[in-house]
Participant: 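Quick one: this structure, given as C-alpha cells, is what I'll be asking you about.
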Amino acid sequence: MSPASFGLLLYLIATCLADDYQWTYDEEAFGGPSFWGLLNKDWVMCKSGRLQSPIDIRPEYLLFDPNIKPVHLDRINAMAEFVNTGQMPRVRIGNNHKKPAVNMTGGPFNGYRYRLQRIDIHMGKGDVNGSEHTINGKRFPMELQLLAYNSDLYTNFSSASKSPHGIAGISILVDIGSETTEELLKLTIATSSIMYRKQRQILTEIEPWKLLPYTRDYVTYEGSMTSPGCEETVLWIIINQPIHIAKEHYFEWEKLLKSPVNQPQDETLAPNFRQTHPFHARLLRTNINHKRKQTAECKMPLPKMFYKTRGITEDGEEIRKAVNHHKRRHARHHNEELPFDVHSLDSLDSVQELSKF
Ligand SMILES: *[C@@H]1O[C@H](CO)[C@@H](O)[C@H](O)[C@H]1NC(C)=O
Ligand SMILES: *[C@@H]1O[C@H](CO)[C@@H](O)[C@H](O)[C@H]1NC(C)=O
Ligand SMILES: *[C@@H]1O[C@H](CO)[C@@H](O)[C@H](O)[C@H]1NC(C)=O
C-alpha cells in the first residue's frame, strides 16, 4: 500500500468513526463483531470482556434457586416506534402523560424496578437461524430482546448501561410454528414500513407483555449487551419456552435492508446475531423446579418443558451457600473450588426444595 493510500485509509477510518461508523454483524466486514472492540475506545468490552453475551444455555449448568420470583411486565399498551437501525429492527418504547412507562419488576431483580426501553430483534436468513442465545447448541430462528434500565438508580438507558445493575434483558426465543403470536404478527406487518435504514413507523397498539409465552419459568445469568459497547451490566432472563412465527411471516423479516432508501442495495439485515461467548464460571440460575411440577397438587395443565434442569446437588444448603458466595462475586472458579459436586442427576426426585433450608 502506498503512503498516499495508507493516509487515505486512515482518513476514511477516522471520518467513519467520527460519523458513527456503521458497525455490522457481518464477520467478513471491517466493522464486524471481531472488530467491534477496536472501532471505538468505549467498546473495549466487546474484545476484552469476560462476562459477555450471548451464551449457549447448557442444561447441565442450571441451578434451581427458589428465591427468584416470576417476572412481572406491566400489562399496558405502550407508546412505541419501530425503526430500522441499519443493524436490526428495533421497537423503541416511550412514555407520556397518557401512556405511562412499561415497568419490569419481580424476577431476579432484588426489588429494583426496570423501565422498558426497547425491543431488539435478531433473525436469521435461509438455513441460518438467527437467535443470539442458543439452548444446548441449538440456535432458534429469531430472538426478541426486551431491554430495560434500572429506573430506581438511573435516569436514562445510556447511563444505566454503563453502571452496576443497570440493565435487565428478557430474551424470548422464536420458533417456526403453524401460527404467529399475535403481537409478533403486528410487528411482522409493520416491517414493510421500515424496509430501509432509518425508516420509522409509529406503533399504536403494541402491548409488549403479550410477547411473553405462557410460562413463568426462566433461566437467568449476568452478562452483557450483545451489541457495541458490550457493557457487562445486563442481567439476562431467558424465558423457558419459545413463541412462534409462521414460515411465511418469518420470510418477511428477511427482506429488511441495511441501506438507506436513497441508496438502495440488496444487503439484508438478516442474519444479525452475535456469536455466543464463553460462559467461564458464571452462575446459571433457574426457577424451573421439576419436583413441584411432578406433584399432584399441580393440576393446571403445564406447558411442555422446554429444557430441563439437571445439575442439582443433594445438599441444598451447599447450593444456598454457593449462590450467596457467587452473589458476593468471589466465585470465579466455583466449579473447582466450591465443596459441592454438581452431579448430572437425571432423576427428577433429587431436585431439592431449597426453601426448606
Ligand atoms: C412505571 O414506573 C413509573 C415510575 O418509575 C411510573 O410513573 C409508571 O406509572 C409505572 N407504570 C405503570 C404502568 O404502572
Ligand atoms: C433452525 O430452526 C429450525 C426450526 O426450529 C430447526 O428445525 C433447525 O434445526 C434449526 N437449525 C439449526 C442449525 O439449529
Ligand atoms: C443520561 O443521564 C446522565 C446522568 O444523569 C446525563 O449526564 C446524560 O446527559 C443523560 N443522557 C441522555 C441522553 O439523556
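Note that the structure is a prediction, hence the values are computed from the model and not measured. Every number for a ligand or one of its atoms is a count from 1 in the order of the listing. In what follows, every heavy atom counts, from backbone to side chain, and hydrogens, waters and symmetry copies are set aside.
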Participant: With atoms numbered from 1 as shown, which atoms in ligand 2 lie under 4.0 angstrom from a non-hydrogen atom of Asp175?
Facilitator: 4 (C), 5 (O)
Participant: What protein heavy atom is closest to atom 14 (O) of ligand 1, reported as residue, atom name and distance in Å?
Facilitator: Asp74 OD2, 3.7 Å
Participant: Return the residue, atom name and 0.1 Å-rounded distance of the protein heavy atom closest to atom 9 (O) of ligand 1.
Facilitator: Pro100 CB, 3.7 Å
Participant: As a test of understanding, state which of Ile119, Thr226, Ile121 forms a side-chain contact (heavy atoms from CB on, under 4.5 Å) with Gln145.
Facilitator: Thr226
Participant: Is the centre of the Phe109 ring less than 6.0 Å from the centre of the Tyr114 ring?
Facilitator: yes
Participant: Provide the number and element of each atom of ligand 2 under 4.0 Å from a heavy atom of Lys138.
Facilitator: 5 (O), 6 (C)
Participant: Can you check whether a protein heavy atom sits less than 4.0 angstrom from atom 5 (O) of ligand 3?
Facilitator: yes
Participant: Applying the side-chain hydrogen bond (donor to acceptor under 3.5 Å, both in side chains) criterion to Asn77, which one of Glu205, Glu207, Lys98 satisfies it?
Facilitator: Glu205
Participant: Please determine whether a side-chain nitrogen of the Lys or Arg among Lys125 and Glu254 lies less than 4.0 Å from a carboxylate oxygen of the Asp or Glu.
Facilitator: no
Participant: Using a 4.0 Å cutoff against the non-hydrogen atoms of Thr155, which atoms of ligand 3 qualify?
Facilitator: 2 (O), 5 (O)
Participant: For the residue pair Trp36 and Tyr25, does the interplanar ring angle fall in the parallel (under 30°), tilted (30 to 60°) or perpendicular (over 60°) class?
Facilitator: perpendicular
Participant: Which of the numbered atoms in ligand 2 are under 4.0 angstrom from any heavy atom belonging to Asn129?
Facilitator: 1 (C), 2 (O), 3 (C), 8 (C), 10 (C), 11 (N), 12 (C), 14 (O)
Participant: Are Leu73 and Leu211 connected into the same hydrophobic cluster when the rule is that any two of I, L, V, M, F, W, Y join if their side-chain heavy atoms are below 4.5 Å apart?
Facilitator: yes
Participant: Checking the N or O distance criterion of under 3.5 Å, is ligand 2 in contact with Asp127?
Facilitator: no
Participant: Which heavy atom of the protein is the closest neighbour of atom 10 (C) of ligand 1, given with residue, atom name and distance?
Facilitator: Asn103 ND2, 2.4 Å
Participant: With Lys138 as the cation and Phe140 as the aromatic partner, state whether NZ or CZ is under 6.0 Å from the six-membered ring centre and within 45° of the axis.
Facilitator: yes
Participant: Looking at atom 11 (N) of ligand 3, what's its closest protein heavy atom, distance included?
Facilitator: Asn156 ND2, 2.9 Å
Participant: Relative to the heavy atoms of Arg115, which atoms of ligand 1 are at a distance of less than 4.0 Å?
Facilitator: 3 (C), 4 (C), 5 (O)
Participant: Under 4.0 Å from a heavy atom of Ile76: which atoms of ligand 1 are those, numbered in the order shown and with their elements?
Facilitator: 13 (C)
Participant: Any donor-acceptor pair under 3.5 Å linking the side-chain atoms of Tyr250 with those of Thr180?
Facilitator: no
